[in-house]
Every structure is written in structure tokens, then in C-alpha cells.
Student: 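After the C-alpha cells below, expect a handful of questions from me.
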Amino acid sequence: MSLEEAFADGPAFIPYLAAGDPSYEASLEYVEALERGGADVIELGLPFSEPIAEGSTIQEAVVRALEAGMTPDRYFEFVEDLDVDVPLVCMTYYNLVYQYGASEAEKGPRPFVERAAEAGIEGFVVVDLPAEEAGPLREACDEFGLDLIFIVAPTTEGERLERMRERVSGYVYVQSRLGTTGARDEVSDYTERSLSRLADWDVPKAVGFGIKTGDHAERIVAAGADGIIVGSALVDIVAEGVDESTADVAARLEEKARELKRGAVRGAGVPRAE
Amino acid sequence: MSSQGKFGDYGGQYVPEVLMPAIEELADAYERYVLENEDGFMDEFRARLRDFGGRPIPLQRADQLSARYDREVYLKREDLLHGGAHKLNNALGQVLLAKYMGKERIVAETGAGQHGTATAMAAAHLDMPCEVYMGETDIARQRPNVFRMRTNGAEVTPVTTGRGTLKEAISETMRDWATTVEDTHYVIGSVVGPHPFPEMVRTFQAVISEEAREQTRERTGGLPDAVLACAGGGSNTMGAFHHFVDDEDVDLYAVEAGGSSLSVDEAEGVAPNSASLSTGEEAVLHGARTKVLQDTDGQVMESHSVSAGLDYAGVGPELAHLVDEGRVRAVNVDDDAALEAFHRLSQDEGIIPALETAHAFGYLEKYHDDIGETVVVNVSGRGDKDLETVIEETMDRDLDIAPDMGVFREVGGGRL
């Protein structure tokens, strides 16, 4: 299934987890639990040592995953070991994409994208790669038929917005407020403003940053989002369950996923097909 | 030299989308105010560097070192700049620029605390609120500077992630900036980060080589054979080199921290040095493509140096480019050589140097026969901030040159 198809039957619920947090085996279970809970796409973090766009929740998840031995090669094996049918998006930072390759001469986005495609990844979000610097990765994505998703921030305006519109595919990640990732209790006013600026874009709009509950999800979809992206609220469950049994934590993740998916569906009011 | 923030393949702008507009706004302000002197910005900057900072700074002949090494050794005394380090040149420039841009708040990161101190001073001087992020390891080893920042009215926020040094403090400051970008300016402390920071910080620091070049001419009738500066992120290095880059007969030495060893522990992700120019690989870190200490996967390593100010896994992109081009020589000395040089300069010349600076003198001690007849060494800062570290590190070592440490052993563990 392609990324755009994942939005075809109503609002898409897109959860995020860091691969390998807190261990390889537990993380496989957790990602699969998200699919059972109703995930339409899964953003799977490939941990980088300097996650400058993340708040403390995801930063700590990244540290746990790295300490448990996650590497880019292990990540691709992880993707191959996963038993899920929904499309997977690799979310990471550019240095890992840029350094991948068997030798100095081969390093760069192409071998990374080739390996990702072989493992079954459908697209990428590269957090510190603005559209201006994304040429080589966009080319590699085109060559292997993968999508490149850009984040539109509340501060993105004018020519920058147009440049992204030209280069984006799969869906556009709408950052609902300023700052870093992290669950919040309020849904930002920025959301509606951001969505209205993107109204005539021909890719689905998925809103992320700060979504924590089914009610948040409902309000964001009601405001016009085609999908919701939830990371920190789920990573919190993983963090709280580090000393618990994998099955218990997986059950809570599945339940939380269900709450968020139901909220998103409520927000759509009536089926989108109408 | 640079085009769109690129130095050869290095440089660029690799930042989260939320920061891109702020970086574009800054690039525009840098062009107008700094390069084109709009509204007399550069005139005000130079006047404040003179009246508040104390410029111009003398170029001093080091008589004992000149005799010891049988050559002419000159010291560019940036330790005499207000605040005790070259850092004020950049901090004053950026805080003033933030004011011209209408920003209302300053954030900064600091390693040794010298940049944080300079930023806190500049912010107090220009009446701007200021918050400084500092790794907890560095807070512990740089207490005097933490207190100086607080005294100047800045908030100092400890960073507890990772090893609690400069790398983590930079990441944390970027996070703050991403949240407050509309009214806040991030004063980056070195020639690192996304464009326009590397070029802008170098431009503010280039006053060092502008003066040193003129002063050497006045003193000797010509240019020096070599300029030495220590290199962490590279701001005093680029400042000391910039106006000599086109003088191809002047050899430029960037002296890095060799730490305890140049080898790395790949499994642990630790490099026991901070020699990113000498041993690092090309990578994308903190907004720019540059040389970084990293493992084969591209994860950034923890660096090490006895000097907190050099303890950073990356380096400025322009410096990385000049090293690749062969214009700048990247060399290094280890912790022991730096400590010995610290004591030697203190005893021979009556100048207590920063541990960063001591690396440049450590190199001079070892290789003076190979580096020409007239040498300028940039004394990037004074060593008051490092005294607690030097006491502890000296007690741990058997250094012939060190003063008798007995009194410290008798009175409680070395802490004054």
C-alpha cells in the first residue's frame, strides 16, 4: 500500500516509535501493537545521537535505543522482522542517511534509500534536512519509488512553502506549533492557520506535535487534517513500562492507539468518501 | 570565500524546518548590518569593542620564550579583552545585531563558560535578558565562570543529557530556540552551526588578525612566518587566521586537543580527544556539514579534552575546508603537553593562560625549530577559570615544571 492510499478511507492515524526502544524484541512487539490499535501508517524512528528537534521524551527514547545497540543496519533488519501490513516511514536525521554505504566512494543518500526500499520502507522524514539541501535524497527517492515527506512549520512562509510543495510526496507533515516534539495538553491555534495555508496542496496533510488524547485527535481532524501523527504520548507509555512485561506495555500501546484512532474518526464526522 | 554559506563542500544549513525562517532572517540581517554597515551597525560595534571591550589589544613580544626557543615569539593578548577571552568580540557583535533586529531575548550555550560569560556581559551591557545552557560536567569544572554569568544577571540552565558537555548544550539551546524563535536570538559561540553563523562569527573575530597583521608589520617590518592558535570549534583560530589567509608565506597552525590519546573506542562511542580536524570525518552536525568525531554509522562520539573549551566533537566548516585545501595545518598536542605549557607560560612570562590557549604553547614547545623565525601565538584567553581543573590535573600527574602541590594535598583534596 502506498502512503497516499493509507489516507483513502478516512483520517489516517500515524503513530511514531523509536526502533529498538527499549530493546529490539520489545520494540517489535510495540510497533505491531500499534497496527492492531488502528495505525494506518507507522513512523519508525532511526535513532541519531544528536536529536536536536526532539523534546525530552523522544530524546530519552533515542538514548535507550542506542544503548540497546540500534544501528542503521540493525534498523533495516528490524523493519524486515516486523510483521505489519501498513506502510512504514523512516524518521531520522541526515547524517545517518549521508554516512550510509559500504565504502567512502559509495556513501550518500542512494545506498541508504536502496537498502530502505529493499527492507520495505515507503518514505522518509529527515528532520534536519530542509528542502534546499534535499536534492540528492529526492533523486534517490525518485529512483527507488519512495516518498519524501517534509515538515511545514508554523513559521514556514512564501518561497520556502512553494519549494516544499514542489518536492514533497506521500503526505505533508504539518507541525502544529513552535518548538520540539512533546505531548501537550492544549491543541495549538497554529493548526487551523497552517492547514488553511496548505488547503490546495495535492498531498494529504497530517498534523503532528503535541497530540496526546483522542479529544485532541478529534479536534485536529475536525479542523481539516487528513491525518494525525502521535509520538511522545506513545513513547511515554514505552518509557513508563521499561521495567514491566512487554505484553502489558504492548496492550497499553494498543489501547492508546485505539483511543487516538477513534478520536480521529470522530473528528471526520461523516465518512470522507462523501 | 563563501557562497551561500558553503566552504567547498562544507557548511550549509541543516536545521529543523521551524528554524529555517529565523536563519534566513539572520542571514539577511548579517548582510545588511554587518557587511553593508546599514544604520552604522559596524561603526557602533567597533566603538563598543573599543570602549567596552578595550580594543585594540596589544601584540606583546614574549622575551623569555623568544630566548628559550631562539626566535621571535609574539603574543596576541586576547586574554586582555574585557572578560578575559576573545569570546567578547563575537558575543558583543551578535547581541548588538539581535538588538538591531528587534529581538527581545538572548540564548546561548557554553562549554568552558567563557562564551557564556562574554554573552552574559554583552547582554547586560546592552540590556537584554539572557539564558545560557551549560552541561552539568562543565558546570562542575568551571564554577567561577558560572558565577560570573549569574553575577551579570544571566540564567544558567544545566544540561544533564549525554556526558553533559558542549555538544549536549548546543542541542539543548537549539531546542529552546525552536520554541522561542520569533523573539529570541541564539548567540552561537563559535564558527559552527548553519549559515550565516560560521561566516558571521569569523567576521566578528577577524579583528584579531586585522590587528595582529598590522602590529606585526609595525614591530618587525614584515609579516610573521607562522601564526598558532588553538582549535576547538575554531572561533579564535579563524579570527587569528582570517587576514593572513591570502598571505601564503605565513604558515597557519590550528592546534587541537589530542586529549589522552588519538585512538577511539568505537564500541563505546568515545574519542579520548577533541581532534576533529586531525582525526574526524565529514558529517552533518548542528546545522552544518563539517568534520566530526563519529563512528562508522554516523553517530557522533563523545569527545574529551582537559580543556572544557576544546571539548567538542565538531569544528567550523571554513576551518575544515582550509585544512583540506592545505592552507591551514591541523596539528595537536595531548593533555600533558598542554598542562606543562600552562605552567611554563605562567612562570616564564607571568601570563596564566586558558587551558585552550596552553595547547598552542604546547605545540610551540615541541616543534619550535620547524615553524619559522617570527611566530605569533594567539593567547585566546586567560586561565583564571581553569585553576580548579589545573590543580586537580596537576596533582594527578608528575610534571617537573609544576609548582610544589604539597600544600593542596594537605588541605583537603585539592579544592580551594
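Given the structure is predicted, the values throughout are model-derived calculations rather than measurements. Just the heavy atoms: all of them, side chains too, but no hydrogens, waters or symmetry mates, feed the values below. Residue numbers begin at 1 in each chain, while the letters A, B, ... track the order of the sequences.
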Student: Look at the side chain of B:Gln299 and the backbone N and O of A:Ser49, then say whether any donor-acceptor pair between them is shorter than 3.5 Å.
Tutor: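 Checked: pair present.
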Student: Which answer fits A:Glu60, side chain, backbone, both or neither, if we ask what part of it has an atom under 4.5 Å from a heavy atom of chain B?
Tutor: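 Neither part.
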Student: Return the option, out of B:Pro16, B:Ser171, B:Gly12, with the maximum number of heavy-atom pairs under 4.5 Å with chain A.
Tutor: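 It is B:Pro16.
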Student: Working to the nearest 0.5 Å, report the span between CD of A:Glu157 and CD of B:Glu24.
Tutor: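 The distance works out to 11.5 Å.
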Student: About how many Å separate OG1 of A:Thr155 and CG of B:Leu19, when rounded to the nearest 0.5 Å?
Tutor: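 Reported to 0.5 Å precision, the distance equals 7.5 Å.
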Student: So which of A:Tyr100, A:Tyr93, A:Tyr98 has the biggest tally of heavy-atom pairs under 4.5 Å with chain B?
Tutor: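 The candidate making the most pairs under 4.5 Å is A:Tyr98.
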Student: Any chance you could measure A:Ile52, atom CD1, to B:Trp177, atom CH2, to the nearest 0.5 Å?
Tutor: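 Reported to 0.5 Å precision, the distance equals 10.5 Å.
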Student: Using ring pair (Phe, Tyr, Trp, His ring centres under 6.0 Å) as the criterion, list what pairs up with B:Tyr30, not counting sequence neighbours.
Tutor: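 Partners of B:Tyr30 by the ring pair (Phe, Tyr, Trp, His ring centres under 6.0 Å) criterion come out as none, since no residue qualifies.
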Student: Assess whether atom CD of A:Glu159 is packed by more than 12 heavy atoms of other residues, nucleotides or ligands within 6.0 Å.
Tutor: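 No, the 6.0 Å shell around CD holds no more than 12 heavy atoms from other groups.
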Student: Is A:Phe48 close to chain B through its backbone or its side chain, or both, or neither, when contacts mean heavy atoms under 4.5 Å?
Tutor: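 Interface part for A:Phe48: both.
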Student: Using only atom types and a distance under 3.5 Å, with no angle test, would you say the side chain of A:Glu133 pairs donor to acceptor with the backbone of B:Gln13?
Tutor: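 Yes, because the side chain of A:Glu133 sits within donor-acceptor range (under 3.5 Å) of the backbone of B:Gln13.
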Student: Tell me, for A:Pro51 versus chain B, whether the close heavy atoms (under 4.5 Å) come from the side chain, the backbone, both or neither.
Tutor: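 Both backbone and side chain of A:Pro51 come within 4.5 Å of chain B.
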Student: Which bit of B:Val300 is near chain A, if near means a heavy-atom gap under 4.5 Å: side chain, backbone, both or neither?
Tutor: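 Both parts, backbone and side chain.
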Student: Return the option, out of A:Pro72, A:Pro130, A:Ala53, with the maximum number of heavy-atom pairs under 4.5 Å with chain B.
Tutor: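 Counting heavy-atom pairs under 4.5 Å, the top option is A:Pro130.
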Student: Counting a contact as any heavy-atom pair under 4.5 Å apart, which residues of residues 273-286 of chain B contact chain A?
Tutor: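 From residues 273-286 of chain B, the residues near chain A are B:Glu281, B:Glu282, B:Ala283, B:Val284, B:Leu285, B:His286.
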Student: Name the option with the most non-hydrogen atom pairs under 4.5 Å to chain B; the candidates are A:Val152, A:Leu96, A:Leu129.
Tutor: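 So the answer, after comparing A:Val152, A:Leu96, A:Leu129, is A:Leu96.
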Student: In Å, rounded to the nearest 0.5 Å, how long is the span from OG1 of B:Thr179 to CZ of A:Arg177?
Tutor: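 Going from the OG1 atom of B:Thr179 to the CZ atom of A:Arg177 covers 7.5 Å.
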Student: Would you check if there is a donor-acceptor pair between the side chains of B:Glu17 and A:Thr156 at a distance under 3.5 Å?
Tutor: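 Yes.
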Student: Would you name the heavy atoms of A:Glu54 and B:Arg175 that are closest together and state the gap between them?
Tutor: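 Smallest heavy-atom distance, with atoms named: O-NE, 2.5 Å.
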Student: Among A:Asp128, A:Ile151, A:Thr71, single out the residue with the greatest number of heavy-atom pairs under 4.5 Å to chain B.
Tutor: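 Top option by heavy-atom pairs under 4.5 Å: A:Asp128.
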Student: How far does CZ of A:Arg74 sit from CG of B:Asp297, to the nearest 0.5 angstrom?
Tutor: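 The CG atom of B:Asp297 is 12.0 Å from CZ of A:Arg74, to the nearest 0.5 Å.
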